[in-house]
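Quick notes on the structure that follows.
Predicted model, so just to flag it, every value in this text is computed and none were measured.
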Amino acid sequence: MNFNKKPIWLKVILNIGDKYSKINNLLVTASLNTICQRSDCPNIGNCWKHGVLSFLLLGNICTRSCHFCSIKTGKPKQLNLLEPYKIANTIKKIKIKHVVLTSVNRDDLKDLGITLWLKTIREIKKISTSTIETLIPDFKGQQKPISLLIKEKPELISHNIETVPRLLKQVRSTAKYERSLSLLKYIKKKCDIRTKTGLMLGLGETEVEILNTLKDIRKANIDILTLGQYLSPSFKHYEVQNFINNKKFKYYKNIALNMGFFFVESNPLVRSSYNAYKHIR
């Protein structure tokens with residue numbers, strides 16, 4: 001399938017204006033990365049208009065090579081220890097009301113990057129009233145980084161499972177389904193912070209596989225679920241197998257809500273941070 005041949009419901013006009021330009025200029029000046037830009041998110045204009053940003057921590061080169069992701073893979077550069085301060089100051093300048101923090105995987109680091117994560121959260125809280133969502137990697141399944149993160153009390157902790165078990169090795173060769181589920185269960189066991197996860201659809205999964213995965217996620221007591229259409233970043237990445245229409249996304253949303261999820265975002269354009277500021281209410 002040609003990933004460029006998108007259905008009409010996936011075609012969006014980038015909504016940019018003065019605020020978008022101001023934010024972009026500040027990011028360039030501070031040499032900061034956002035997942036909004038790195039992943040070519042279709043909602044970037046709308047999110048930035050409402051003062052919601054998703055910062056990418058620990059640089060812009062990942063130690064893993066997921067076949068769905070547009071972020072570069074390779075040997076990461078040395079950590080920018082000023083990153084936490086720069087992010088906090090940018091949030092203050094823009095008066096961001098809700099921020100999503102995520103990161104590349106840094107399996108090369110002894111602490112897997114958690115020290116810089118913690119520093120960033122603390123610096124944001126020092127000078128801003130912005131609420132915080134932490135969209136975390138799996139930290140190789142280690143509980144210590146998660147425990148340290150929980151102590152910082154972000155409003156929401158999220159970790160994406162991304163796809164059904166059968167397709168995981170094809171899409172995310174280093175990730176493990178049970179490891180991600182265990183991570184989410186551990187968070188709920190240790191605190192009452194809201195949790196969130198997401199799936200991409202259109203990778204070749206069946207309806208039965210989707211429903212079984214939703215059941216697994218709900219058993220982990222996850223509060224919030226996001227479902228969106230997978231779009232291949234390039235011809236070198238995992239190919240889109242099928243496009244899911246709005247009606248089907250609404251169908252899955254109703255099923256998920258009936259399962260007991262507190263909040264469900266489900267439409268083709270949904271990404272992890274879609275309407276993120278609403279999820280902490």
Side-chain angles (χ1 to χ4, degrees), residues 1-12 39-43 64-71 135 137-138 141 158-185 188 195-275 279:
M1 180 177 290
N2 186 339
F3 74 93
N4 283 318
K5 293 183 178 179
K6 300 174 186 175
I8 188 67
W9 63 81
L10 281 171
K11 295 179 180 179
V12 296
S39 65
D40 297 320
C41 180
N43 307 307
R64 298 188 187 181
S65 181
C66 296
H67 303 301
F68 72 92
C69 185
S70 60
I71 294 175
L135 174 54
D138 63 21
S158 53
H159 171 70
N160 288 331
I161 288 179
E162 304 292 12
T163 189
V164 300
R166 177 177 61 86
L167 297 174
L168 200 64
K169 281 193 175 181
Q170 299 175 50
V171 179
R172 305 177 68 203
S173 56
T174 314
K176 295 180 180 179
Y177 184 73
E178 289 301 331
R179 183 164 70 189
S180 288
L181 276 179
S182 294
L183 180 154
L184 291 165
K185 289 177 183 177
K188 270 302 183 188
T195 51
K196 173 179 168 184
T197 195
L199 295 176
M200 302 176 291
L201 305 187
L203 293 159
E205 67 286 333
T206 67
E207 181 175 320
V208 171
E209 287 177 320
I210 294 171
L211 297 182
N212 285 338
T213 302
L214 295 188
K215 289 176 184 176
D216 287 343
I217 294 170
R218 190 66 200 107
K219 285 179 183 177
N221 292 319
I222 304 308
D223 302 299
I224 300 159
L225 173 71
T226 63
L227 301 172
Q229 171 70 50
Y230 167 67
L231 296 176
S232 181
S234 76
F235 288 109
K236 296 179 181 179
H237 289 81
Y238 191 90
E239 188 176 4
V240 175
Q241 300 300 305
N242 58 309
F243 290 109
I244 316 298
N245 61 36
N246 282 283
K247 185 177 180 180
K248 197 68 174 180
F249 272 102
K250 288 180 180 177
Y251 166 75
Y252 289 129
K253 178 175 183 175
N254 289 332
I255 289 177
L257 287 172
N258 286 332
M259 285 182 180
F261 286 98
F262 175 75
F263 211 112
V264 179
E265 298 286 359
S266 179
N267 76 57
L269 294 175
V270 163
R271 298 296 179 265
S272 299
S273 304
Y274 186 80
N275 282 338
H279 301 160

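Distance OG/Ser180 to NZ/Lys185: 11.5 Å, rounded to 0.5 Å. For the atom pair OG1 of Thr163 and CZ of Phe68, the computed distance is 9.5 Å after rounding to the nearest 0.5 Å. We find the CG-CD1 distance between Leu203 and Ile210 to be 9.5 Å, quoted to the nearest 0.5 Å. In this structure, CD in Glu207 is found 11.0 Å from CG in Leu201, a value given to the nearest 0.5 Å. In this structure, NE2 on His159 lies 5.0 Å from CG on Asp138, to the nearest 0.5 angstrom. Taking OG of Ser70 as the start and NZ of Lys236 as the end, the distance is 13.5 Å to the nearest 0.5 Å.
Checked by atom type and distance alone, the side chain of Tyr230 never pairs as donor or acceptor with a backbone atom of Glu239 at under 3.5 Å. With Glu209 contributing its side chain and Thr206 its backbone, the two residues share a donor-acceptor pair below 3.5 Å. The backbone N or O of Glu162 lies less than 3.5 Å from no partner atom in the side chain of Asn160, so there is not a single donor-acceptor pair. In this structure, the side chain of His237 engages the main chain of Cys69 through a donor-acceptor pair within 3.5 Å. With hydrogens and angles disregarded, no donor-acceptor distance shorter than 3.5 Å links the side chain of Tyr238 to the backbone of Gln170. Looking only at distances, no side-chain donor or acceptor of Arg179 sits under 3.5 Å from a matching main-chain atom of Leu183. Using modelled atom types, one side-chain atom of Arg271 and one backbone atom of Gln229 make a donor-acceptor pair closer than 3.5 Å.
The 12-atom threshold is exceeded at NZ of Lys248, counting heavy atoms of other residues, nucleotides or ligands nearer than 6.0 Å.
Taking each heavy atom of Ala256 and Leu214 in turn, the nearest pair found is CB-CD1, 4.4 Å. Among all heavy-atom pairs drawn from Leu211 and Ile255, the shortest one is CD2-CD1, 3.7 Å. The minimum heavy-atom distance between Asn242 and Ile244, with the atom names listed, is ND2-CD1, 3.1 Å. Nearest heavy-atom pair, Ala175 versus Leu168, reported as atom, atom and distance to 0.1 Å: O-CD2, 3.7 Å.
Looking at heavy atoms from C-beta onward, Phe249 lies out of side-chain contact with Lys253 at the 4.5 angstrom threshold. Looking at Leu231 and Phe243, their side chains come closer than 4.5 Å, going by heavy atoms from C-beta outward. Residues Ile161 and Leu184 have side chains in contact (heavy-atom distance under 4.5 Å, counting atoms from C-beta outward). Side-chain contact between Lys196 and His279 is present, with at least one heavy-atom pair separated by less than 4.5 Å. Between Asn246 and Pro268 the shortest side-chain heavy-atom distance falls below 4.5 Å.
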Between Glu205 and Arg166, is a salt bridge (charged side-chain N to carboxylate O under 4.0 Å, His left out) present by the stated rule, with each step listed?
CA-CA 8 Å; Glu205 67 286 333; Arg166 177 177 61 86; over 6 Å; no
Thr195 and Lys188: side chain to side chain contact (heavy atoms under 4.5 Å, CB included), yes or no, with the steps?
CA-CA 7 Å; Thr195 51; Lys188 270 302 183 188; 3.2 Å; yes
Between Arg172 and His67, does the side chain to side chain contact (heavy atoms under 4.5 Å, CB included) criterion hold? Intermediate values first, please.
CA-CA 6 Å; Arg172 305 177 68 203; His67 303 301; over 6 Å; no
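The cationic atom of Arg218 (NZ for Lys, CZ for Arg) lies less than 6.0 Å from the six-membered ring centre of Phe261 and within 45° of the ring axis.
Tested against Thr197 for a side-chain contact (heavy atoms from CB on, under 4.5 Å), the candidates Leu181, Ile224, Thr213, Leu225 yield a single pass: Leu225.
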